[in-house]
Protein chains: 4
Amino acid sequence: MAPKDWRAPGPDPLPPVLRAALEVFARHGYHGASIRTIADAAGLSVPGLYHHYPSKQAILRAVAEATMTEMLEHTTAAADDAGSDPAARFDNIVECLARFHMARRDHAFVASTEMRSMEPEVRARHVAQRDTQQKMLEDAIEAGVESGVFECAHTADAARAVASLCVSIASWYRTDGPLSPDEIVQRHLGFARGMVGAARA
Amino acid sequence: MAPKDWRAPGPDPLPPVLRAALEVFARHGYHGASIRTIADAAGLSVPGLYHHYPSKQAILRAVAEATMTEMLEHTTAAADDAGSDPAARFDNIVECLARFHMARRDHAFVASTEMRSMEPEVRARHVAQRDTQQKMLEDAIEAGVESGVFECAHTADAARAVASLCVSIASWYRTDGPLSPDEIVQRHLGFARGMVGAARA
Amino acid sequence: MAPKDWRAPGPDPLPPVLRAALEVFARHGYHGASIRTIADAAGLSVPGLYHHYPSKQAILRAVAEATMTEMLEHTTAAADDAGSDPAARFDNIVECLARFHMARRDHAFVASTEMRSMEPEVRARHVAQRDTQQKMLEDAIEAGVESGVFECAHTADAARAVASLCVSIASWYRTDGPLSPDEIVQRHLGFARGMVGAARA
Amino acid sequence: MAPKDWRAPGPDPLPPVLRAALEVFARHGYHGASIRTIADAAGLSVPGLYHHYPSKQAILRAVAEATMTEMLEHTTAAADDAGSDPAARFDNIVECLARFHMARRDHAFVASTEMRSMEPEVRARHVAQRDTQQKMLEDAIEAGVESGVFECAHTADAARAVASLCVSIASWYRTDGPLSPDEIVQRHLGFARGMVGAARA
DNA sequence: GATGAATGAGGCTTCATTCAT
DNA sequence: GATGAATGAAGCCTCATTCAT
């Protein structure tokens, strides 16, 4: 699809209404966000908002699905991009996750934080996509262990831990923070490699 | 205070009303939890609940403060317990955080998740305690780097990353899961050591 | 106008939009019927519906007036058709009312049920037409009493009772019910004659 | 239960809130009655109303069930009161229905008019009670036909017609109308007897 | 006539909270 | 501490209606 741009996520593809809702969700949480607040943030009246989305839950669903789909596309592209070298695959996935959680900070934050507010069907799809991603990480780690570049006894736990680490970036990253995205990526690559016992440089 | 029991957190010191509220907060979030739901979970009438706490926010505050206080006590005890060896300090703090986020799963989850629902003053205290904890981690890492047992260029980032990893345990740990707390502690100790470039065994 | 066809009411003269609205009104009531539901039933967009009728109330008015006008035309034709014999006049009016409430079931049901939802002016016209009809019945009954074929002390009450009986047919009649219209007419003619003390055969 | 008072229904047993709601339902219909209007009529705030009944539908249900239960009790008492004479049974049931539809005018009007607004389960119970009543009428008519005091070929249709006639009283009766309840009863008894071909005096 | 977008008002219901008993 | 009753404010959502295209 878009195999090369996972390092530079490009402009947010979300329609303006969802982008406004996202901001409100990120600040107040799903239940703390009133439909009126969302409408105001979107520059719409309340019925105007309902013209675009049939319910508050539908807004959350749209946000979550768009986010997970884009994230999975990026992760897949990043992995494909790495060819068959396990260490490169691992690095690419970690870098991709880190970058995504900075470029789509609110999206990723809401998607991971509001899982409990999603209707079962939406949550199920969400969990499935998250698991797919984690499995990609795990496969890379396993391959690395087999080929001797990683030293890691519990690959599934490691994959979850690495993914958690990347997700947690979204909860503190600020565009105007002291570190550039590239610096953050580098440091987290270091942490992640350490977690899987990568051979030291 | 209680310098030896940080490995076995003991029974939840929370009064029953708060424990009930905590469960509801964990499942539905602060804004998704109604006073009536909390009262029901506590086996109280609504005015009965108000007899104990003057507002919903006061309940959240009580939960959050009790949690943070206990966590900081434990962490301090764990660090003190380790004496002056940097690697042991680091290990103890990580183990303590991991154990706390399993033994007080809901407490820690709510405390970290509902920061945005706290009144500023409560949140400020919360952040301060969290930072204190992270600083203890960072100090241990720095000492380890200086003494040559760790290899880590960005100690503050590492401290945050390690703390995040421990916090994230609360979002997936189940008492009846496949791994025992001891196993989980061991594995996360491994990940954490890797993140700070601990000398390999 | 159409003096002979009152026994076989012919196809519904209502334009399709009103016919759709009628169905919705019959099922949900005026206040329970939304403009959108009506538009959907009519296969129109909402503004498309407003292109035909300026308001929901105008739709009700159009339905009610068309119904009452047609019903009064039929009743008049039926009465005229009977010539001067009181018993035949009575029979014809009853038969006409019964047939109309079967052939125009929804129309008659809505017209009688939603009187309270009509604007005063529409309701006034509606009541006047209903009273005219009832007066025709009453006149026939009175003439029958005078000529000795009926035995009825309270002609106005009898007229109202007979009319009510015919109206009530609309609330249970189904095209696919066990009785044919002809059978229903015969039976209700029997009831109506009994109510006015018609001489037994 | 109360075998003697079916002729003098006594004071309305409905709690004040339901009585207020009933009045509003009678005037505007279920869908035309807003919860605010009902609360105002009951002298309550809106949440105050919800303290007593959990939903608008629950109010309708309570009204309908109370009405049907009382009506069926009365009808049963009236029938029992008549002993085994078919004509007396028939008369008593008709008189009882007529009196009930005057004494509980709004109740009966709403119960019969708002069937379409009832949830399926409530409606089912309602229809069952109505049918039970109609069956009592039909049984009396059949017994009368067999004993030769009535002359009626279609007893089920006759029962429905007689019941409809009594129900229709509720749609025009006014306490301050020109006729007394006793007069109305007498006249409708006459109509009803005529419908079943009762032997003339 | 259709479409898409919009809106003030109001729909039903629940919120956190209070108070008399 | 419990109960029953109450309430202003606000929750999500839908109403009838309009208008530019």
Side-chain angles (χ1 to χ4, degrees), chain A residues 15-17 21 28 30-40 42-60, chain B residues 16-17 21 28 30-40 42-60, chain C residues 16-17 21 28 30-40 42-60 117, chain D residues 15-17 21 28 30-40 42-60 117:
Chain A
V17 172
H28 303 288
Y30 179 75
H31 288 297
S34 91
I35 217 78
R36 249 181 284 267
T37 312
I38 298 172
D40 284 356
L44 288 176
S45 66
V46 169
L49 183 65
Y50 276 93
H51 180 73
H52 295 282
Y53 296 92
S55 69
K56 191 180 165 184
Q57 178 70 215
I59 295 176
L60 177 60
Chain B
V17 173
H28 303 288
Y30 178 76
H31 288 296
S34 90
I35 279 284
R36 238 173 288 265
T37 313
I38 297 172
D40 283 359
L44 289 177
S45 66
V46 168
L49 185 65
Y50 276 94
H51 180 81
H52 294 282
Y53 297 92
S55 70
K56 190 178 162 186
Q57 178 69 215
I59 295 176
L60 177 60
Chain C
V17 173
H28 302 288
Y30 178 75
H31 287 296
S34 91
I35 280 284
R36 240 174 287 264
T37 313
I38 297 171
D40 284 357
L44 288 178
S45 66
V46 168
L49 184 65
Y50 276 93
H51 180 80
H52 294 282
Y53 297 91
S55 71
K56 191 179 163 187
Q57 178 69 215
I59 296 176
L60 177 61
S117 307
Chain D
V17 173
H28 303 287
Y30 179 75
H31 287 297
S34 92
I35 217 80
R36 251 182 282 266
T37 312
I38 297 172
D40 283 357
L44 289 176
S45 66
V46 168
L49 184 65
Y50 275 91
H51 179 74
H52 296 281
Y53 296 92
S55 70
K56 191 180 166 186
Q57 177 69 213
I59 296 176
L60 177 60
S117 307

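Quick caveat, the model's predicted, so the values are computed rather than measured. In the text below, chain A, chain B and the rest are named by the order of the sequence lines, each starting its count at 1.
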Please round to the nearest 0.5 Å and tell me the distance separating atom [atom1] of [X] and atom [atom2] of [Y].
{"X": "C:Ser117", "Y": "C:Lys56", "atom1": "OG", "atom2": "NZ", "value": "8.0 Å"}
{"X": "B:Ser45", "Y": "B:Arg36", "atom1": "OG", "atom2": "CZ", "value": "10.5 Å"}
{"X": "B:Ile38", "Y": "B:Ser34", "atom1": "CD1", "atom2": "OG", "value": "7.0 Å"}

- Message: Pair D:Leu44, D:His52 - check side chain to side chain contact (heavy atoms under 4.5 Å, CB included), show working.
- Response: CA-CA 10 Å; D:Leu44 289 176; D:His52 296 281; 3.7 Å; yes

Would you tabulate the pairs of protein nitrogen or oxygen atoms and nucleotide nitrogen or oxygen atoms of nucleotides 15-17 of chain F closer than 3.5 angstrom?
{"unit_1": "F:dA16", "atom_1": "OP1", "unit_2": "C:Ala33", "atom_2": "O", "d": "3.2"}
{"unit_1": "F:dA16", "atom_1": "OP1", "unit_2": "C:Ile35", "atom_2": "N", "d": "3.4"}
{"unit_1": "F:dA16", "atom_1": "OP1", "unit_2": "C:Lys56", "atom_2": "NZ", "d": "3.0"}
{"unit_1": "F:dA16", "atom_1": "OP2", "unit_2": "C:Ile35", "atom_2": "N", "d": "2.8"}
{"unit_1": "F:dA16", "atom_1": "N6", "unit_2": "C:Arg36", "atom_2": "NH2", "d": "3.4"}
{"unit_1": "F:dT17", "atom_1": "OP2", "unit_2": "C:Tyr50", "atom_2": "OH", "d": "2.8"}
{"unit_1": "F:dT17", "atom_1": "OP2", "unit_2": "C:Lys56", "atom_2": "N", "d": "2.9"}
{"unit_1": "F:dT17", "atom_1": "O5'", "unit_2": "C:Tyr50", "atom_2": "OH", "d": "3.1"}

Nearest-angstrom distance from the residue atom [atom1] of [X] to [atom2] of [N]:
{"X": "D:Ile59", "N": "E:dC12", "atom1": "CD1", "atom2": "C1'", "answer": "11 Å"}
{"X": "D:Tyr53", "N": "E:dT13", "atom1": "OH", "atom2": "P", "answer": "15 Å"}
{"X": "D:His52", "N": "F:dG4", "atom1": "NE2", "atom2": "C1'", "answer": "9 Å"}
{"X": "C:Asp40", "N": "E:dT3", "atom1": "CG", "atom2": "C1'", "answer": "14 Å"}

- Item | Pairing residues for B:Tyr30 by the ring-ring contact (aromatic ring centres under 6.0 Å, His included) criterion, not counting sequence neighbours |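 For B:Tyr30, the residues satisfying ring-ring contact (aromatic ring centres under 6.0 Å, His included) (neighbours in sequence not counted) are B:Phe25.
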
- Test side chain to side chain contact (heavy atoms under 4.5 Å, CB included) applied to C:Ser55 - qualifying residues, sequence neighbours left out: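 Side chain to side chain contact (heavy atoms under 4.5 Å, CB included) check on C:Ser55 returns C:Gln57, C:Ala58.
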
- Could you pull out all residues at least two apart from D:Tyr53 that satisfy side chain to side chain contact (heavy atoms under 4.5 Å, CB included)?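 For D:Tyr53 the side chain to side chain contact (heavy atoms under 4.5 Å, CB included) partners, ignoring immediate neighbours, are D:Pro15, D:Val17, D:Leu18, D:Ile59, D:Ala62.
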
- Item | First of D:Leu44 and B:Gly43 reached from the 5' end of DNA chain F, by closest nucleotide |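 It is B:Gly43, whose closest nucleotide lies nearer the 5' terminus.
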
- Query: Shortest non-hydrogen contact from A:His31 to B:His28?
  - Reply: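 Shortest heavy-atom contact: CD2-O, 3.5 Å.
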
- Query: In which ranges does DNA chain E form stems of 3 or more consecutive Watson-Crick or G-U pairs, distances under 3.5 Å?
  - Reply: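 Output for stems: E:2-21 with F:2-21.
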
- Query: Looking at C:His51, does any N or O in its side chain come under 4.0 Å of the phosphate oxygens OP1/OP2 on E:dG1?
  - Reply: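 Answer is no, no contact under 4.0 Å.
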
